[in-house]
Amino acid sequence: MTMLDSQLMLDSQPFVPEDRKNASVVSSAPFSQSTFPQTPSAPPAESSPAEFLNPTSVTVPSDSFPSDELFPPEPFKSQEEPSADAAQTELFETNPPPWELAVEDDVLLASIVFSKSPHGPYDYRIPDSLREDLKPGMRVGVPLGHRKKSTLGWCVAVKEGSAAHRKLRDVAELLDDTPLCDAALVRLVMWMGHYYQVPAGQVFDTLIPSSVRAGAGTRQTTYFTPAKDLTDEQISKLPAKQQAVVRLLISSGKPTTAAELAVAVGCTEDPIRRLRKKEILIPEVRREMHSNIRILAQHNDGERKQKLELTEQQQAALERINTAVDSGRGRTLLLHGVTGSGKTEVYIKAIEHVVSQAGSAIVMVPEISLTPQTRGRFESRFDSVAVLHSQMSPSERHYHWQRIRRGEVQVVIGPRSAVFAPLPNLGLIVLDEEHDTSFKQDSQPRYHARKVAHARAMALGIPLLLGSATPSMEAWHASQCGHAELISMPNRVANRPMPDVQLVDLRIRDERGGSGAISRPLHAAVLETIRDKGQAILLLNRRGFATTIQCPSCGHVVACPDCDMPLTHHRDGGKAMCHYCDYTIGTPPWCPACRFDGIRYGGLGTQKLEMEAKAKFPNARIARMDSDTMKRPGSHQRVLSEFRNGDIDMLLGTQMIAKGLDFPNVLLVGVINADSALHFPDFRAAERTFQLVTQVAGRTGRGDRGGRVIVQTFTPEHPAIQAASRHDYHKFVEEEMVNRRKFNYPPLGSVARIIIRGPLEDKTEAVADGILARLESARDLLGSEVRILGPAPPPIGRLRGKYRFHLLLQATEAAVVGETIRRALADFKTDPKDEIEFLVDIDPVNLL
DNA sequence: AGCACGCCGACT
DNA sequence: GTCGGCGTGCTC
């Protein structure tokens, strides 16, 4: 019911502009592109504190994604005319108060934001003692309200204060010696906070890893140096041990710890304590890494792997990228290279070019392709690579972060969070598999690494290189509008052909063959492959033994009491669990509704497929790869290396086997059910299906022995499946763009989503309705053409025991959507006892 | 988010 | 009178 509802909501209601009486949508938006000077050059690496947030010094992307929102001048000031509040203040306060008249006007102020409420920004006076040291990007301790302890905040700006009439409190202390992010990153934080509608303080917490904030793997160590004005006479009067300590320290000239001194002199630490009391030894506290962590540094001096010869096509791509790097301008490049066209080698060569000019680069890859193979490829070609993976311990992470910040790293490879890597001389950002949905974070701040990378690259005046065999509609559209430069690599390396794709129509009983998931043609193909000593991959876009537990007698489906989602039956231990909230019960032996005892496990999961495959191909060595079997760290890697070594004949799995694997002996890829992603209430369902089928098909035909693909489907005539079967990306985008245009869905327009959740259904819905009303009045006030959908229950209507509703907004301009929400929710509050939360998702990638 | 203030009723 | 419950409002 919920599925149907939101499908209707998304697919019906063509977007009809209400009226055109207020056509000046863009100019009424406060942060439209036209507001800013077009400055193509990069901002100075170190801009002075006073001007670092100044809009005139902000570099504006000269080529940006469509409907882009730019760095706002002052994101936190209300853009309204001087508010009624301000007028009231003037009326009722003696202004300025007489006792503050004496204070000079030109005080230095720090603008501070907080990661917890209240988020600020608030202005604090900078006492003279901190004047020299306080820089934007540092953490400070400040008094706040009536709190007893000082509160941690982030300094986002240092500025000259003119408002002497306001009561201002002092910054109490600095919590960092050097800023944790440079001026450019502070600006990125401010932009993200504005664009994604998240307090800047929370963005800092995302930008700076918690391990860095906590100083993981570091220790406070006290070093001693001798006092400056020590005379020989003074020293000779000291007791013997103390004398020895001081003389040693003077002769070595190095600050030394108490423990080291004690060992060197052969005494206890007591003489040192006494010297400290007498102020003959001056202590100096430093924070440093544990020595054992330094060992983690991986330097590659040894074997530098063979540099591959580039094909003509690769060479041409590389030259265009190098030209962009050398131009010193911010621009976006879309490298559209079919699977197996050798994109990685192009990235490496382009980065070698950047590194040769003392620059550095970020390479972002989907979480799942951060495999040892990917790592190895980069590590063998560069002196200093930092690989940021999820298995890293906090102290390792901190260690690498410091290395990166010190400029000791040439290439950073990581998932979406790598976009924040604090490289001091960044020259290129690469986003591999640009279309992958893992680049969108699904918790606050819900940023998209592509968007953030774009903002960062444009602000620095460096190229952003997007690579994919199946570019997202967004990237493709950008290339068609001149916002991105398209580089095509239509051929595979060594002129290998694209694999043949055969569609199997599952509606035909004869094709389907029996009750299993493996059709007759697929069965035959597998047998042939095994006979030829080749390897096969079977993709099933689901996990679990069976998707649903359905009673054949009454039709009852066993569902989760908290989420309303069908439970998935898992064979190990006869469990049934909810994939959304982890609710688990023993599999019921009979139907809970009608007590019929022949309950059926419908649907299909990888476990069941594994059983079927083992029964049908008893001589094949089969391994399963899904998020259930890959829970333990390293298991992923182990199965893949077994597959590479030829110890496994057939690999079964979910999405994760579709991406980036490069095994030359894979002669067959089978897609068990290509429709599984197609019937989702999401306007990107067709795009997902096309990408999935194309990507998995690309896993074969990578060796000299060719390869073939068999795609099983109930709807072989669907354009996405047709296009995928012919490797025809252009045909797909052409047709899909028509669909998007019908309703102005991205990339033609911009979408945002507001999710409202709470424990009581009616209260939650009432809040959703209240938000709708506010959105409508904000829209009318702005005179903007924003289409507002909902509130409706999302496809997952209930999650973790909470009821959910969502609202969708769309318009041609991202800035308009953002501003409508910002105004509607600016002072919106709910009754705390209803426990209702609402969250904003800008540019959502899934609508669950 | 804290923390204080202020307004209540219930207790020493 | 004074203690403590919680509703309300502010924090540069």
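Lettering of chains follows the sequences in order, A, B, ..., and the numbering in each one begins at 1.
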Residue pairs meeting ring pair (Phe, Tyr, Trp, His ring centres under 6.0 Å), one or both in residues 816-842 of chain A, sequence neighbours left out, come to A:F828-A:F838
Name all pairs fulfilling the ring pair (Phe, Tyr, Trp, His ring centres under 6.0 Å) condition that reach into residues 125-160 of chain A, sequence neighbours left out, sorted by first residue then second.
A:W154-A:F204
For A:E837, check salt bridge (charged side-chain N to carboxylate O under 4.0 Å, His left out) against everything at least two apart and list the hits.
A:R757, A:K802
Across all chains, not counting sequence neighbours, the salt bridge (charged side-chain N to carboxylate O under 4.0 Å, His left out) partners of A:D762 are none
Taking only side-chain nitrogens and oxygens of A:Y122, does any of them come within less than 4.0 Å of OP1 or OP2 of C:dT11?
no
Could you name each residue pair satisfying side-chain hydrogen bond (donor to acceptor under 3.5 Å, both in side chains) that touches residues 414-426 of chain A, not counting sequence neighbours?
A:S360-A:N425
Donor-acceptor contacts under 3.5 Å from residues 127-134 of chain A side chains, at least two apart:
none

Let me know the distance between [atom1] of [X] and [atom2] of [N], rounded to the nearest Å.
| X | N | atom1 | atom2 | value |
| --- | --- | --- | --- | --- |
| A:D170 | C:dT11 | CG | C1' | 16 Å |
| A:Y124 | C:dC12 | OH | C1' | 5 Å |
| A:K829 | C:dC10 | NZ | P | 10 Å |

Residues within residues 144-154 of chain A bordering DNA chain B, heavy-atom distance below 4.0 Å
A:H146, A:R147, A:K148
Among residues two or more places apart or on two chains, list those pairs meeting salt bridge (Lys or Arg N to Asp or Glu O under 4.0 Å) that have a residue in residues 838-848 of chain A.
A:K440-A:D841, A:R446-A:D841
Name the first nucleotide and the last nucleotide along DNA chain B (5' to 3') that come under 4.0 Å of a heavy atom in chain A.
B:dA1 to B:dA4
Heavy-atom closest pair, residues A:R403 and A:A386
NH1-CB, 4.4 Å
